[in-house]
Amino acid sequence: MSDPLASLSTLLAPLFADLNGGSPADPTVRPSDRADAQINGALALAKQVGANPRDLAQQVVDSGLLTDVATDLEVAGPGFINVTFSSSFLEAELAVVAADERLGVAPAAELKTVVVDYSAPNVAKEMHVGHLRSTVIGDSLVRLHESVGHTVIRENHIGDWGRPFGMLIEHLLDLGEDVASDGLSQGDLDGFYKQANAKFNDSEEFQERARERVVLLQGGDEPTLVLWRRLVEMSNAYFNRVYTKLDVLLTDDDLAGESRYQPLMEGVYERLEASGLLHEDDGAMVVYPAGFKNRDGDPLPMIAKSQTGAFMYATSDLACVVDRVERLGADLMLYVIGSPQAQHLQMVFEVCAMAGWLQEPTEAVHVGFGNVLGEDRKMMRSRAGDSVKLADLLDEAVERAEAAIAEKNPDIGPDDRLVIANMVGIGALKYFDLSTERIKDYVFDWDRMLAFEGNTGPYLQYAHARICSIFRRADIGRASVRAAHIALDQPQERALAMRLLAYPSAIDNTLDSYSPHKLCTYVYELATDFSSFYQECPILKSDEPVRTSRLALADLTARVLEHSLGLLGITAPEQM
RNA sequence: GCCCCCGUAGCUCAGUGGAUGAGAGCAGCGGGUUUCUACCCCGUCGGUCGCAGGUUCGAGUCCUGCCGGGGGCGCCA
């Protein structure tokens with residue numbers, strides 16, 4: 001463990017247990033504005049054992065446990081202990097991190113199989129900003145969980161089944177495959193869907209064909225399935241282009257569409273039946289998940305089978321949970337889906353729990369998120385009033401980044417500029433989405449997103465590029481300073497070192513709440529700490545050994561920046 | 001009608017039950033530095049943390065009730 005706060009906690013744990021009569025007590029070590037750290041545990045402990053908190057705190061100070069790590073210990077206020085770390089202690093911790101490829105990030109205590117359900121676009125429908133959120137948050141959670149050693153299974157639950165496919169397939173036939181293929185692969189999914197929908201609304205003949213086609217599809221009619229597959233393939237090709245541009249990990253191997261769970265529903269339904277949970281209600285077969293009520297105060301049903309005998313999407317989601325738990329061996333399932341689905345998912349999870357399919361310690365979590373709003377604080381719309389195409393958003397982000405780079409760093413040639421513009425534009429967009437608490441709505445704003453100041457992607461990337469620039473200018477290899485001793489003499493060096501050492505804790509906090517914005521806040525603080533250091537502590541102009549020490553500190557900072565941005569799915573360019 | 005989520009500076013947002021200093025960025029005003037890339041530093045302006053209770057040694061943070069905004073509540077997915 002390299003985080004000094006965590007080290008402190010570990011160091012104090014036995015003493016706190018002693019003071020608590022043998023049972024464990026949390027020393028509660030926290031960051032402090034008044035010192036390097038503060039120990040708050042004496043207050044809670046005093047209450048528990050009926051002692052004076054200041055006396056307890058004094059006992060902790062007098063124990064001598066901290067003499068090697070702290071130069072100053074002070075009991076303050078009602079019983080806080082302010083800790084100032086010794087530079088030698090911090091320098092030693094830093095040396096451990098610098099020598100560690102993982103930068104101090106230890107594998108999780110308990111390694112799990114984690115299934116992450118995210119992105120989930122609909123076949124033959126455009127991806128919009130909601131998919132951006134799911135895709136970007138999910139991608140980051142995948143990377144974060146992998147980084148601490150979990151086995152992660154990505155599942156892209158695309159909407160590739162259901163009633164709309166009757167009309168979509170008929171429209172495909174009307175257009176002819178080649179024409180349809182052109183349109184869809186060009187990314188005109190909205191046009192295709194809207195045309196089909198318009199025909200469905202206008203023509204009874206078309207409606208009839210669509211209905212018959214649904215029956216054929218669900219009956220497994222091979223010629224129909226061929227057409228359906230074409231539709232799915234064309235859409236997937238388009239989705240993949242968006243994923244490539246977005247620089248996320250999803251591939252065809254991760255597809256787990258709704259169609260996959262269709263054959264499993266009968267079996268799940270039978271198991272529901274056998275469990276005795278099914279009830280007949282108004283002709284439908286339902287389960288009443290515990291704790292849910294409808295508008296009349298009666299139990300709220302989750303419909304497993306409709307009056308007409310069709311399985312519902314809730315049934316499909318049950319099958320999905322069962323598949324993930326029983327076939328994939330999931331210990332943890334993350335559903336990165338918008339917050340309007342909260343109640344639906346809670347009901348599905350509750351039914352799974354009642355049926356015994358979802359039992360401790362296996363866990364299903366709805367990782368919900370809010371909307372992207374326009375300047376008018378309403379759901380973001382295009383000028384025409386439609387939802388905004390994700391693909392257009394990505395293109396605009398890159399264009400704007402390219403223009404900014406051309407203006408601010410004209411030395412970069414057009415080819416490099418485009419590559420960097422992709423990193424900066426897409427990174428800015430992702431960071432903007434990830435950097436606020438996911439459950440809240442956020443207001444979309446190009447200028448704030450691409451600003452070089454403040455809590456933005458470009459600012460963080462710039463801090464990284466700047467460090468690379470120092471090494472380029474001095475013609476020194478980054479790795480060559482990696483084993484050098486880092487001396488912490490200036491306050492800015494200390495602050496930066498403390499921040500670097502807190503990296504593993506930042507990742508833990510992020511994982512605990514499935515909240516990438518906590519990592520964003522950390523990276524931003526790291527970048528600001530570096531900027532202060534950069535401002536106050538000349539690197540190349542310093543004499544040895546300070547020069548090499550500062551180069552090593554800068555190098556380590558760049559490594560943590562690159563690594564942490566990587567966990568957010570953002571690339572750190574070497575120049576920009 | 002019931003349920004869920006949100007409410008912190010003019011704006012956009014952080015804030016792990018801890019300190020009669022609640023922070024950042026932007027915007028505004030006034031300075032400094034303008035050197036290794038666009039940064040950064042200092043000062044200033046700005047807050048009844050939606051309201052009212054409660055729990056606690058201690059509440060922006062936990063609980064209850066209100067107010068405001070958004071969303072969800074049977075055969076679409």
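First the proteins, then the strands, lettered A, B, ... as listed; each starts at 1. If you're wondering where the values come from, they're calculated on a predicted model, not measured in any experiment.
As judged by a 4.0 angstrom heavy-atom cut-off over every strand, A:R163 is placed among residues touching the sugar-phosphate backbone only. Among the protein residues, A:H517 comes within range of the sugar-phosphate backbone only, with heavy atoms under 4.0 Å from sugar or phosphate atoms but none that close to a base. When heavy atoms are screened at a 4.0 angstrom cut-off, A:P164 is found touching no nucleic acid atom at all. At a threshold of 4.0 angstrom between heavy atoms, the contacts of A:Q38 include nucleobase atoms, whether or not backbone atoms are also involved. Residue A:L43 is in base contact, counting any heavy-atom pair closer than 4.0 Å across all strands shown. Counting non-hydrogen atoms under 4.0 angstrom, A:N82 reaches a base of the nucleic acid. A:L300 comes within 4.0 angstrom of sugar-phosphate atoms only, judged by non-hydrogen atoms across all strands, and of no base. Residue A:N409 is classed as a base contact, given a heavy-atom separation below 4.0 Å to a base. Here A:F292 lies out of heavy-atom contact (under 4.0 Å) with every strand. Contacts of A:C468 with the nucleic acid, taken as non-hydrogen atoms under 4.0 Å apart, are absent. Here A:P301 lies in heavy-atom contact (under 4.0 Å) with a base. Residue A:M576 is in base contact, counting any heavy-atom pair closer than 4.0 Å across all strands shown. If you check every strand for non-hydrogen atoms under 4.0 Å, A:A46 touches nothing.
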Go through the steps to decide whether A:T571 and A:L565 satisfy the test side chain to side chain contact (heavy atoms under 4.5 Å, CB included), and finish with yes or no.
-> CA-CA 7 Å; A:T571 310; A:L565 285 171; over 6 Å; no

Report the C-alpha distance between A:T528 and A:Y459 in whole Å, list the side-chain angles of each, state the deciding distance to 0.1 Å, and finish with yes or no for side chain to side chain contact (heavy atoms under 4.5 Å, CB included).
-> CA-CA 9 Å; A:T528 55; A:Y459 176 74; 3.5 Å; yes

Is there a ring-ring contact (aromatic ring centres under 6.0 Å, His included) between A:Y118 and A:F369 once you walk through the steps?
-> CA-CA 12 Å; A:Y118 65 113; A:F369 53 83; over 10 Å; no

Can you check side chain to side chain contact (heavy atoms under 4.5 Å, CB included) on A:Q343 and A:L300, steps first, answer last?
-> CA-CA 11 Å; A:Q343 188 182 35; A:L300 183 65; 3.5 Å; yes

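For B:C26, neither phosphate oxygen OP1 nor OP2 lies less than 4.0 angstrom from any side-chain nitrogen or oxygen of A:R448.
Salt bridge status for A:K440 with A:E437: present, with a side-chain N to carboxylate O gap under 4.0 Å. Ion pairing of A:R324 with A:E155 is present here, as a side-chain N (NZ or NE/NH1/NH2) and a carboxylate O approach within less than 4.0 Å. Ion pair A:E170/A:K199 not flagged as a salt bridge, since none of the NZ, NE, NH1 or NH2 atoms sits closer than 4.0 Å to an Asp/Glu carboxylate oxygen.
For B:A24 and B:C5, the P atoms lie 30 Å apart once the distance is rounded to whole Å. A distance of about 10 Å separates the P atoms of B:G50 and B:G60, rounded to the whole Å. Only the C1' atoms considered, B:G31 is 45 Å distant from B:C67, to the nearest whole Å. The P atoms of B:C73 and B:U61 are separated by 31 Å, rounded to the nearest whole Å. Between the C1' atoms of B:G69 and B:C76, the separation comes to 28 Å (whole Å). On the P atoms, B:C66 is 29 Å away from B:G10, given to the nearest whole Å. For B:U56 and B:C62, the C1' atoms lie 10 Å apart once the distance is rounded to whole Å. Distance noted for atom P between B:C4 and B:G15: 23 Å (whole Å).
Looking at residues two or more places apart in sequence or on another chain, you find a ring-ring contact (aromatic ring centres under 6.0 Å, His included) between A:Y269 and A:F311.
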Using a 3.5 Å limit on both pairing distances, list the dot-bracket string of RNA chain B from the 5' end; Watson-Crick and G-U wobble pairs count, crossing pairs take [ ], interstrand pairs take |.
-> (((((((..((((.........)))).(((((.......))))).....(((((.......))))))))))))....

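Atom P of nucleotide B:A77 and atom OH of A:Y335 are separated by 17 Å, given to the nearest angstrom. At whole-Å resolution of the value, OH in A:Y522 and P in B:G15 are 16 Å apart. Distance A:L434 CG to B:C13 P: 15 Å, rounded to the nearest Å.
Each of A:N40 and A:R472 has a nearest nucleotide on RNA chain B; the 5'-most of these lies closest to A:N40. Take the nearest nucleotide of RNA chain B for A:E525 and for A:E407: the residue whose nucleotide is more 5' is A:E525.
A:Q490 and A:R494 form no side-chain donor-acceptor contact under 3.5 Å, judged by distance and modelled atom types alone. Donor-acceptor pairing under 3.5 Å is lacking for the side chains of A:H171 and A:N197. No hydrogens or angles considered: nothing links the side chains of A:Y503 and A:D3 as a donor-acceptor pair under 3.5 Å. Between the side chains of A:N455 and A:S435, no donor-acceptor pair of N or O atoms lies under 3.5 Å.
For the contact set between residues 277-290 of chain A and RNA chain B, defined by any heavy atom under 4.0 Å, the members are A:D281, A:D282, A:A284.
Closest approach to the A:M312 side chain among B:A77, B:U12, B:G15 is made by B:A77 (side chain taken as heavy atoms from C-beta onward). Set against B:C75, B:C13, B:G18, the side chain of A:F80 has B:G18 as its closest nucleotide. Considering only the side chain of A:N509, B:U16 comes nearest among B:G72, B:U16, B:U35. Side-chain proximity of A:Y313 to B:C36, B:A77, B:G18: nearest is B:A77. The side chain of A:E258 sits closest to B:A77 out of B:A77, B:C36, B:U16. For A:R473, the side-chain atoms get nearest to B:C36 when compared with the rest of B:U16, B:A77, B:C36.
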Identify the pairs formed between an N or O of the protein and an N or O of nucleotides 40-44 of chain B at a distance under 3.5 Å, and give each distance.
from  : atom 1 : to     : atom 2 : distance (Å)
B:C40 : OP1    : A:Y459 : OH     : 2.9
B:C40 : O2     : A:Q535 : NE2    : 3.3
B:C41 : OP1    : A:S532 : OG     : 3.4

Could you list the protein-to-nucleotides 2-11 of chain B atom pairs, N/O on both sides, closer than 3.5 Å?
from : atom 1 : to     : atom 2 : distance (Å)
B:G7 : OP1    : A:K440 : NZ     : 3.0

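Side-chain to base pairing of A:D317 with B:A77: no donor and acceptor N or O lie closer than 3.5 Å to each other.
The salt bridge (charged side-chain N to carboxylate O under 4.0 Å, His left out) with A:R550 is formed by just one residue from the set A:E536, A:E493, A:E544; it is A:E493.
Proximity of the aromatic rings of A:Y442 and A:F432 is defined here by a centroid distance below 6.0 angstrom, and this criterion is met. Ring to ring, A:Y261 and A:H157 are close: their centroids are under 6.0 angstrom apart.
In B:G74 the O4'-C1'-N dihedral to the base is within 90° of 0, which defines a syn nucleotide.
Relative orientation of the A:W446 and A:F444 rings is perpendicular, given thresholds of 30° and 60° on the angle between their planes.
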Side-chain atoms of residues 403-410 of chain A: list all donor-acceptor pairs with protein atoms under 3.5 Å, sequence neighbours left out, distances to 0.1 Å.
from   : atom 1 : to     : atom 2 : distance (Å)
A:N409 : ND2    : A:M576 : O      : 2.8

